[in-house]
Each structure stands twice: as structure tokens, then as C-alpha cells.
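Data block below; observations after.
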Amino acid sequence: MRIPTTLKHKPVIVSENYENIDGRKAYSTDAKGLSLGLAQWNERGKVDISAKVWRYTGEKWSRQSEELPMHRVLDLAILILRSSAYFSEAYRYPKLYDPEETTIDRVGVQGDAMEVAVCTDNPMIDEDIKLFAQALNEDGELLGERFRILSRLLKDMGY
């Protein structure tokens with residue numbers, strides 16, 4: 001399925017077979033493609049680039065398609081990687097976290113820091129964190145493959 005080029009987001013680089021590799025939903029997902037391109041929120045004289053997940057309902061392109069600025073995509077990757085590292089050791093805590101110290105890390109970015117923490121505002125955190133850890137564990141192979149690819153690509157680029 002071809003990603004549309006007539007909408008506000010203007011694709012430049014595309015992966016039009018994303019549905020074949022969309023994690024556990026591979027071959028049965030509505031996420032049909034990914035693109036990097038010119039952001040839909042661009043104003044005259046200003047150009048931002050973004051990443052977009054294209055969803056297709058079977059009849060039309062969905063309004064649930066997501067477009068994110070490139071830095072946010074990388075920030076999400078940082079959050080995923082840091083969380084995954086945390087959960088590899090979280091078994092040490094009876095609740096999978098320390099209720100007295102819920103901050104997992106502060107990752108330095110742009111002269112400040114992205115705080116990574118357990119969301120204790122969630123009234124169901126004790127149950128939800130167990131479900132999250134279980135799902136993370138079950139997806140270990142899917143995520144690990146992608147982590148290794150990211151690591152290799154970053155090394156190839158000199159990072």
C-alpha cells in the first residue's frame with residue numbers, strides 16, 4: 001500500500017511495508033507505513049521534519065495516524081531503552097520499584113535532563129507495573145533485535 005503524498009505531511013523517506021514488521025501485530029496491523037518528511041504543522045518560511053506512523057482502516061487513511069517531531073522519536077527511544085535497562089534489575093524490589101525513590105534516572109539532554117520515573121500517581125501502579133514488566137519480558141526478543149540494530153547503526157555512524 002502506497003503512503004499518500006497529497007496530505008499535509010509530505011513524505012520524503014518511507015517504509016511502506018511496516019505492517020509486515022509491526023511487532024506482535026505483524027501482518028495484522030492497521031499501521032501500514034512509516035515516513036520521515038516535512039511536518040504538517042509547517043508555516044510559511046519555516047520547515048520542521050517529522051516522523052509519521054500511517055494507519056489505514058481498510059477503507060481510508062486514519063486520523064489516528066501519528067506524526068512526531070524527529071527529536072521526540074529519539075526521546076521515546078531513549079525512554080524505552082532506559083526503561084528496559086531498569087526492568088532487567090527491577091526484580092530486586094518486591095513491588096518492582098522502590099516506593100521511597102521512584103526516580104529511575106535523569107538523562108542529560110539539551111543542558112537539562114529527562115527524568116525517568118515510576119508513575120506513582122497511577123492508583124493501580126502496583127498491578128500495572130507488574131503487567132508492564134511481564135509484557136516487556138514477553139517482547140524481549142522483538143525489542144532486543146531492534147536494540148541490536150540501533151546499537152550497530154549508531155556504532156557505524158561513529159556514536
Side-chain angles (χ1 to χ4, degrees), residues 1 3 9 11 13-37 39-41 49-110 112-155 157 159:
M1 173 162 294
I3 289 173
H9 172 87
I13 306 294
V14 298
S15 173
E16 294 183 312
N17 68 335
Y18 185 70
E19 65 190 289
N20 297 345
I21 61 162
D22 187 17
R24 289 177 172 222
K25 295 184 177 189
Y27 300 103
S28 63
T29 182
D30 66 346
K32 303 299 183 186
L34 302 177
S35 69
L36 304 177
Q40 65 187 18
W41 58 80
I49 58 176
S50 65
K52 186 160 185 163
V53 177
W54 292 88
R55 297 182 178 278
Y56 190 77
T57 65
E59 297 177 17
K60 63 181 182 174
W61 290 101
S62 173
R63 290 184 180 188
Q64 290 184 341
S65 296
E66 302 102 352
E67 182 176 27
L68 296 169
M70 301 282 278
H71 70 277
R72 287 187 192 152
V73 174
L74 294 173
D75 291 344
L76 284 170
I78 292 166
L79 184 62
I80 292 166
L81 289 165
R82 188 58 192 93
S83 297
S84 182
Y86 170 79
F87 277 98
S88 69
E89 300 290 325
Y91 67 88
R92 296 179 298 147
Y93 302 107
K95 292 184 168 191
L96 299 180
Y97 71 99
D98 179 353
E100 301 300 316
E101 181 52 57
T102 59
T103 299
I104 294 169
D105 198 0
R106 287 180 44 84
V107 180
V109 179
Q110 280 185 249
D112 203 331
M114 174 196 307
E115 187 167 302
V116 180
V118 174
C119 181
T120 54
D121 290 343
N122 174 350
M124 300 294 290
I125 190 60
D126 291 350
E127 293 81 16
D128 290 352
I129 198 168
K130 290 174 187 170
L131 293 171
F132 184 92
Q134 179 183 348
L136 192 61
N137 184 54
E138 289 172 1
D139 287 344
E141 188 176 334
L142 292 171
L143 296 173
E145 177 184 26
R146 287 157 171 84
F147 293 164
R148 285 186 292 281
I149 291 167
L150 285 171
S151 175
R152 178 179 50 82
L153 292 171
L154 287 166
K155 286 176 186 170
M157 292 173 65
Y159 291 101

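The shortest side-chain heavy-atom distance between Val118 and Ile104 falls under the 4.5 Å cut-off. Counting heavy atoms from C-beta on, the side chains of Ser50 and Gln40 never come closer than 4.5 Å. Counting heavy atoms from C-beta on, the side chains of Met114 and Asp105 never come closer than 4.5 Å. Looking at Leu68 and Leu76, their side chains come closer than 4.5 Å, going by heavy atoms from C-beta outward. Side-chain contact between Trp54 and Leu34 is absent, with no heavy-atom pair separated by less than 4.5 Å.
Taken to the nearest 0.5 Å, the OH atom of Tyr93 stands 8.5 Å off from the CD atom of Glu101. From Asn17, atom CG reaches atom OG of Ser15 across 4.5 Å, with rounding to the nearest 0.5 Å. We find the OH-CZ distance between Tyr97 and Arg92 to be 16.0 Å, quoted to the nearest 0.5 Å. Going from atom OG1 of Thr29 over to atom OH of Tyr56 covers 14.5 Å, rounded to the nearest 0.5 Å. The distance from the OG atom of Ser84 to the CG atom of Leu79 is 11.0 Å, given to the nearest 0.5 Å. With rounding to the nearest 0.5 angstrom, the CD atom of Gln64 is 7.0 Å from the CG atom of Asp30.
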Side-chain donor-acceptor contacts of residues 127-138 below 3.5 Å, not counting sequence neighbours, with atom names and distances?
unit_1, atom_1, unit_2, atom_2, d
Asp128, OD2, Asn122, ND2, 2.9
Gln134, NE2, Glu138, OE2, 3.2
Glu138, OE1, Arg24, NH2, 3.2

Please tabulate, for side-chain N and O atoms in residues 141-148, each donor-acceptor pair with protein atoms closer than 3.5 Å (sequence neighbours left out).
unit_1, atom_1, unit_2, atom_2, d
Arg146, NH1, Leu142, O, 3.1
Arg146, NH2, Ile21, O, 2.6
Arg148, NH1, Gly144, O, 3.3

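Here the closest heavy-atom approach between residue Thr120 and residue Ile125 is recorded as CA-CG2, 4.4 Å. Looking at every heavy atom in both residues, Gly37 comes nearest to His9 through N-CE1, 3.8 Å. The nearest pair of heavy atoms linking Ala117 to Thr103 is CB-CA, 3.9 Å. Closest approach of Tyr86 and Leu96 over heavy atoms only: OH-O, 2.7 Å.
Residues passing the side chain to side chain donor-acceptor pair (under 3.5 Å) test with Asp98: none are found, sequence neighbours excluded. Remark: Tyr18 engages Asp22 in a side chain to side chain donor-acceptor pair (under 3.5 Å) (not counting sequence neighbours). Residues forming a salt bridge (charged side-chain N to carboxylate O under 4.0 Å, His left out) with Asp126 (at least two apart in sequence, or on another chain): Lys95.
The environment of CG in Leu153 is crowded: more than 12 heavy-atom neighbours from other residues, nucleotides or ligands sit within 6.0 Å.
Residue pairs satisfying the salt bridge (charged side-chain N to carboxylate O under 4.0 Å, His left out) criterion with at least one member in residues 62-80, sequence neighbours excluded, are listed as follows: Arg55-Glu66.
Ser65 contributes a side-chain N or O that, together with a main-chain N or O of Ser62, makes up a donor-acceptor pair within less than 3.5 Å.
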